[in-house]
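Following: one structure in structure tokens, then a few remarks.
The figures here come from the full heavy-atom set of this structure, side chains too, leaving out hydrogens, waters and symmetry mates. In what follows, every chain begins at residue 1, and chains take the letters A, B, ... in the order their sequences are listed.
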Number of protein chains: 2
Amino acid sequence: MKNAEHQTKSDRTRAAIVAAAQEVFAAKGYEQATVRDIAARAAIDPAMVIRYFGSKDALFARVAVFDLKLPDLKAGDGNRIGETLVRHFLSVWETDANGGFAVLLRSAASNEFAAKKLRDVFAGQVLPALARVGGTARAAERAGLVSSQLLGLALCRYVLKLPPVVAMPRESIIGAVGKTIQRYVTGR
Amino acid sequence: MKNAEHQTKSDRTRAAIVAAAQEVFAAKGYEQATVRDIAARAAIDPAMVIRYFGSKDALFARVAVFDLKLPDLKAGDGNRIGETLVRHFLSVWETDANGGFAVLLRSAASNEFAAKKLRDVFAGQVLPALARVGGTARAAERAGLVSSQLLGLALCRYVLKLPPVVAMPRESIIGAVGKTIQRYVTGR
DNA sequence: GATTAAAGTCAACATACGTTGACTAGTCGT
DNA sequence: ACGACTAGTCAACGTATGTTGACTTTAATC
């Protein structure tokens, strides 16, 4: 009885593999994460990973996609764009559902495919959202500056685990970094 | 004729290995760089790398040390601390002599030893230099924010190679990011 | 020039990786 | 109950890695 509604056994296995892959890729990066690691975490045979996804590369491509879900910055208070962005960014990062971001950042430093994916996220999501506010003049530069601050924050807080940055309360970060982002977005 | 002044043959080989290791580690990160890669770049046998440095780990430890050479921030104009820091940081990064920084940043995302080294650079060089200006209150937080912006800048410009950040002229970066650093350092 | 130590070469090791193919167990339709 | 198809297991492959030890070549000392 094959039913489109009910998930089959293989669907559950696929999901387990994807979940395990997200955790392991996010924790160790692409090259350091092994198919055997992922299989062990999903409590299955390594061969199943290949059978279901074809290759480690393909599994990574499947896991390393994510949506920043940036809000419409034109809708809210124009003086709170920075604050809104930082708050949103922290939420996205700390929501385990979107482990794709951690996967990308960890891997991008030594994996060109991951680096390209991150550039795509920038060009396809960050840049368009910021181009809508603050005028189109030098939008790319402004988006680049915003990205440098936000990615640097993620790097220090979640990857390097720099103690003072880890310890900082969420609202302090939103206050301090939000002002920076606001200036980058509105250009003064 | 063994002379302390004159460099022996082995000294030149050691230097060639160190130089090759810096390039390869900086380009690929610790795990992705192989002893055979380094040996090939230095035009020697892979076994020599081990003979001279004992292990890949030891060679990495030798190469992954570097000095930010931060200037005395109290000496100059108090309103130009941000500008000074960014300018200095860009110079250090782009001076090939200090490839140790690229080595660390590339490797830190997936190598705990490199991450720890970066945290040590923060605690031993960045934090003390910033604690001397702007008062000691919340010095760690301010240093953390400064690091997040500067490391994010390096990440986007030199590792991810985000096109707008790569294309930005040096002086534009110093202007825009300098203001941010200045605010983080002096706290408003 | 013979002797001795250093510098460099070569092949191999043990291990770990991604991936494959043959095989077994389980499940569903009839 | 039986056959067919799916899901899962197992052992092995080829390759790449860090590292080692035996060997050969080069250079320095007497």
Side-chain angles (χ1 to χ4, degrees), chain A residues 1-22 24-25 27-64 103 106-107 110-114, chain B residues 1-22 24-25 27-64 103 106-107 110-114:
Chain A
M1 182 200 68
K2 176 99 126 284
N3 191 335
E5 309 286 323
H6 190 277
Q7 66 175 359
T8 92
K9 182 93 185 301
S10 73
D11 285 339
R12 260 178 286 127
T13 304
R14 286 184 80 91
I17 295 175
V18 168
Q22 279 202 352
V24 179
F25 279 138
K28 313 220 245 176
Y30 174 77
E31 343 266 358
Q32 200 65 4
T34 72
V35 172
R36 285 169 169 86
D37 280 344
I38 295 169
R41 163 97 50 160
I44 55 158
D45 192 275
M48 299 298 296
V49 176
I50 302 298
R51 268 225 335 197
Y52 275 80
F53 293 92
S55 70
K56 184 187 177 185
D57 279 355
L59 174 59
F60 183 72
R62 164 68 192 276
V63 163
V103 170
R106 277 255 192 226
S107 306
S110 56
N111 183 265
E112 180 51 30
F113 177 77
Chain B
M1 181 202 72
K2 176 100 129 276
N3 191 335
E5 308 287 323
H6 190 277
Q7 67 177 356
T8 95
K9 184 94 188 298
S10 73
D11 284 340
R12 261 179 285 127
T13 304
R14 285 184 80 93
I17 295 175
V18 167
Q22 279 200 351
V24 178
F25 279 138
K28 313 221 248 180
Y30 174 77
E31 343 267 356
Q32 200 66 4
T34 72
V35 172
R36 284 169 171 85
D37 281 344
I38 295 168
R41 163 97 49 163
I44 54 155
D45 193 275
M48 298 300 293
V49 175
I50 302 299
R51 255 180 59 140
Y52 276 77
F53 293 92
S55 70
K56 184 187 178 186
D57 280 356
L59 174 59
F60 183 73
R62 164 68 192 277
V63 164
V103 170
R106 277 257 190 224
S107 306
S110 56
N111 182 267
E112 180 52 29
F113 176 76

Residue list, salt bridge (Lys or Arg N to Asp or Glu O under 4.0 Å) with B:Glu112, at least two apart or on another chain: B:Arg119
With B:Arg41 via salt bridge (Lys or Arg N to Asp or Glu O under 4.0 Å) - residues at least two apart: B:Glu23
Using atom [atom1] of [X] as one end and atom [atom2] of [N] as the other, report the distance to the nearest whole Å.
X	N	atom1	atom2	value
B:Met48	D:dG21	CE	P	16 Å
A:Ile44	C:dA25	CD1	C1'	17 Å
B:Arg12	C:dA6	CZ	C1'	14 Å
A:Asp11	D:dG8	CG	P	11 Å

When you compare the protein's N or O atoms with those of nucleotides 10-19 of chain C, which come within less than 3.5 Å of each other, and at what distance?
| from | atom 1 | to | atom 2 | distance (Å) |
| --- | --- | --- | --- | --- |
| C:dG18 | OP1 | A:Val35 | N | 3.2 |
| C:dG18 | OP1 | A:Lys56 | NZ | 3.2 |
| C:dG18 | OP2 | A:Val35 | N | 2.9 |
| C:dG18 | N7 | A:Arg36 | NH1 | 2.7 |
| C:dG18 | O6 | A:Arg36 | NH2 | 3.1 |
| C:dT19 | OP2 | A:Lys56 | N | 2.7 |

For [X], side-chain hydrogen bond (donor to acceptor under 3.5 Å, both in side chains) partners two or more places apart:
X	value
B:Ser10	B:Thr8
B:Asp37	B:Lys28, B:Thr34
A:Asp57	A:Tyr30

Write out a two-atom table: protein N or O, nucleotide N or O from nucleotides 23-27 of chain D, distance below 3.5 Å.
none

Sugar-phosphate, base or nothing in reach of B:Tyr52, heavy atoms under 4.0 Å: sugar-phosphate
Test side-chain contact (heavy atoms from CB on, under 4.5 Å) applied to B:Ala64 - qualifying residues, sequence neighbours left out: B:Phe60, B:Val103, B:Leu104
Taking only distance into account, with no hydrogens and no angle test, what donor-acceptor pairs under 3.5 Å do side-chain atoms of residues 45-54 of chain A form with protein atoms, sequence neighbours excluded?
| from | atom 1 | to | atom 2 | distance (Å) |
| --- | --- | --- | --- | --- |
| A:Asp45 | OD1 | A:Ala47 | N | 2.8 |

Distance test, side-chain N/O of A:Ser10 to OP1/OP2 of D:dT6, below 4.0 Å: no
B:Ser110 side chain near B:Glu31 side chain, heavy-atom distance below 4.5 Å: yes
